[in-house]
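These values consider heavy atoms only, across backbone and side chains, with no hydrogens, waters or symmetry-generated copies.
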Amino acid sequence: STDLSNTSNITLNDATQTLTNKTLTSPTINAATVTGAVTFAGDVNFDSGTLFVDESTDRVGIGTTAPDTTLEVKAAIPKIRINDSDTANHITDIQGAGADLQIRLDPNAADTSGSFRLFITQDEKFTVRPTGRVGIGASAPDAMLEIVNNTVSDDTLLLTTTEASSTASPTINLKRNSSSIADADYMGRIKFTGENDADQEITYAKITGKIQDASDGSEDGLLEFANIKAGSQTITARLRSDSLQLLNGTSLSVAGDAT
């Protein structure tokens with residue numbers, strides 16, 4: 001029942017002191033155990049900016065007493081750690097490093113099986129596996145990048161440019177950087193894969209770039225076309241730098257005259 005309103009400095013020397021329904025204006029509290037609800041009127045500063053609450057802007061700062069947004073974490077390398085208490089060492093760090101934003105799954109390398117997964121309305125939309133494989137619409141991608149599109153009307157991949165010159169664009173570049181390049185080496189390939197009536201995956205056709213001549217200054221390249229033919233992969237044509245070859249029983253059919 002003591003009136004503390006006109007007391008400028010109070011030292012509580014006993015091991016335990018209880019203040020009930022008291023108003024402390026601009027207090028400095030070195031150590032305290034609080035039981036029940038506490039209402040602060042004005043800014044609250046814990047440990048000189050370790051945790052700061054700006055009453056006038058409803059902002060919280062960690063490591064700063066001048067937060068510029070609802071929650072600001074400030075440090076040389078600001079980090080937020082998410083620690084799953086169900087299993088030891090299941091940790092994810094979200095941190096800033098210079099101009100970078102880093103999301104680090106398993107920063108201690110305690111469990112390398114975790115994946116980065118993005119969900120929207122309960123559906124998994126984006127996945128990065130620990131192997132480095134990326135899935136868009138695929139939770140277990142079978143390639144370094146797998147895109148699953150279950151909407152027939154949508155393009156699976158659309159590359160757009162607003163560049164207005166006569167230069168070709170957009171450009172898809174398939175590059176093989178080999179240290180032992182040689183004639184007849186295969187380069188990039190486009191495969192057309194589907195299923196047969198036994199639900200087996202079949203590559204029905206493919207177009208492959210190939211080195212015809214790797215000699216410096218006199219390089220030649222070709223495109224090779226292959227098809228499934230009577231159940232077997234068969235090279236059916238080569239468009240060389242000097243000729244068009246129709247191979248393995250492939251004929252030429254022309255509607256009209258050919259010269």
Side-chain angles (χ1 to χ4, degrees), residues 28-31 40 42-149 154-165 167-179 187-188:
T28 298
I29 302 174
N30 293 323
F40 294 97
D43 296 344
V44 181
N45 190 351
F46 293 93
D47 191 29
S48 300
T50 299
L51 175 64
F52 181 82
V53 179
D54 189 325
E55 181 269 341
S56 62
T57 61
D58 292 332
R59 294 173 178 174
V60 176
I62 298 176
T64 177
T65 58
D68 289 325
T69 188
T70 304
L71 172 63
E72 180 177 348
V73 180
K74 187 174 182 178
I77 301 179
K79 179 189 299 183
I80 297 175
R81 171 160 290 187
I82 301 171
N83 194 336
D84 185 350
S85 61
D86 292 334
T87 307
N89 296 315
H90 279 195
I91 293 170
T92 299
D93 287 343
I94 304 173
Q95 67 183 51
D100 294 340
L101 172 65
Q102 301 176 359
I103 300 176
R104 299 190 172 206
L105 276 69
D106 187 31
N108 298 327
D111 183 353
T112 58
S113 63
S115 298
F116 175 77
R117 302 181 185 274
L118 174 64
F119 287 79
I120 300 177
T121 62
Q122 306 298 321
D123 295 326
E124 188 172 341
K125 302 296 185 181
F126 181 83
T127 303
V128 181
R129 298 286 293 147
T131 57
R133 292 181 173 181
V134 176
I136 300 175
S139 60
D142 291 323
M144 293 308 296
L145 173 62
E146 181 178 358
I147 303 173
V148 175
N149 175 17
D154 288 345
D155 294 330
T156 302
L157 178 64
L158 174 63
L159 306 178
T160 302
T161 181
T162 58
E163 203 275 331
S165 74
T167 303
S169 184
T171 298
I172 298 176
N173 185 6
L174 306 180
K175 179 181 179 179
R176 182 175 182 179
N177 189 4
S178 172
S179 61
M187 311 303 287

Item to check | Pairing residues for Leu159 by the side-chain contact (heavy atoms from CB on, under 4.5 Å) criterion, not counting sequence neighbours | outcome: Leu157, Pro170, Ile172
Next on the checklist: Under the side-chain hydrogen bond (donor to acceptor under 3.5 Å, both in side chains) definition, can you give me all pairs with a residue in residues 42-51, not counting sequence neighbours?
Outcome noted: Asp47-Thr50
Checklist outcome for this item: Across all chains, not counting sequence neighbours, the salt bridge (charged side-chain N to carboxylate O under 4.0 Å, His left out) partners of Arg117 are Glu124
Checklist entry - For residues 60-88, which residue pairs qualify under salt bridge (charged side-chain N to carboxylate O under 4.0 Å, His left out), counting only residues two or more places apart or in two chains? => result Lys79-Asp93, Arg81-Asp93
Next on the checklist: To check you understand the geometry: which heavy-atom pair defines the closest contact between Ala110 and Asn89, and what is its length?
Outcome noted: CB-CB, 3.3 Å
Item to check | Set of residues satisfying side-chain contact (heavy atoms from CB on, under 4.5 Å) with respect to Ile94, sequence neighbours excluded | outcome: Ile82, Leu101
Next on the checklist: Among residues at least two apart in sequence or on other chains, which ones pass side-chain hydrogen bond (donor to acceptor under 3.5 Å, both in side chains) with Thr167?
Outcome noted: Ser165
Next on the checklist: How close do Val73 and Pro78 get, counting heavy atoms only, and between which atoms?
Outcome noted: O-CB, 3.6 Å
Next on the checklist: As an exercise, state the distance from CD1 of Ile62 to CZ of Phe46, rounded to the nearest 0.5 Å.
Outcome noted: 12.0 Å
Item to check | side-chain contact (heavy atoms from CB on, under 4.5 Å) involving Leu158 - partner list, sequence neighbours excluded | outcome: Asp155, Thr160
Item to check | Pairs flagged by side-chain hydrogen bond (donor to acceptor under 3.5 Å, both in side chains) wherever residues 131-142 is involved - sequence neighbours left out | outcome: none
Next on the checklist: Show every salt bridge (charged side-chain N to carboxylate O under 4.0 Å, His left out) that has at least one partner inside residues 54-63, sequence neighbours left out.
Outcome noted: none
Checklist entry - Closest heavy-atom contact between Phe116 and Leu105? => result N-CD2, 3.6 Å
Checklist entry - For Met144 and Gly132, which heavy atoms make the closest approach, and how far apart are they? => result CE-O, 3.7 Å
Checklist outcome for this item: Taken in chain and number order and not counting sequence neighbours, the residues that satisfy side-chain contact (heavy atoms from CB on, under 4.5 Å) with Thr156 are Ile147, Asn149
Checklist entry - Among pairs that include at least one residue of residues 103-115, which meet side-chain hydrogen bond (donor to acceptor under 3.5 Å, both in side chains), considering only residues two or more places apart or in two chains? => result His90-Asp111, Gln102-Arg104, Asp111-Ser113, Ser115-Arg129
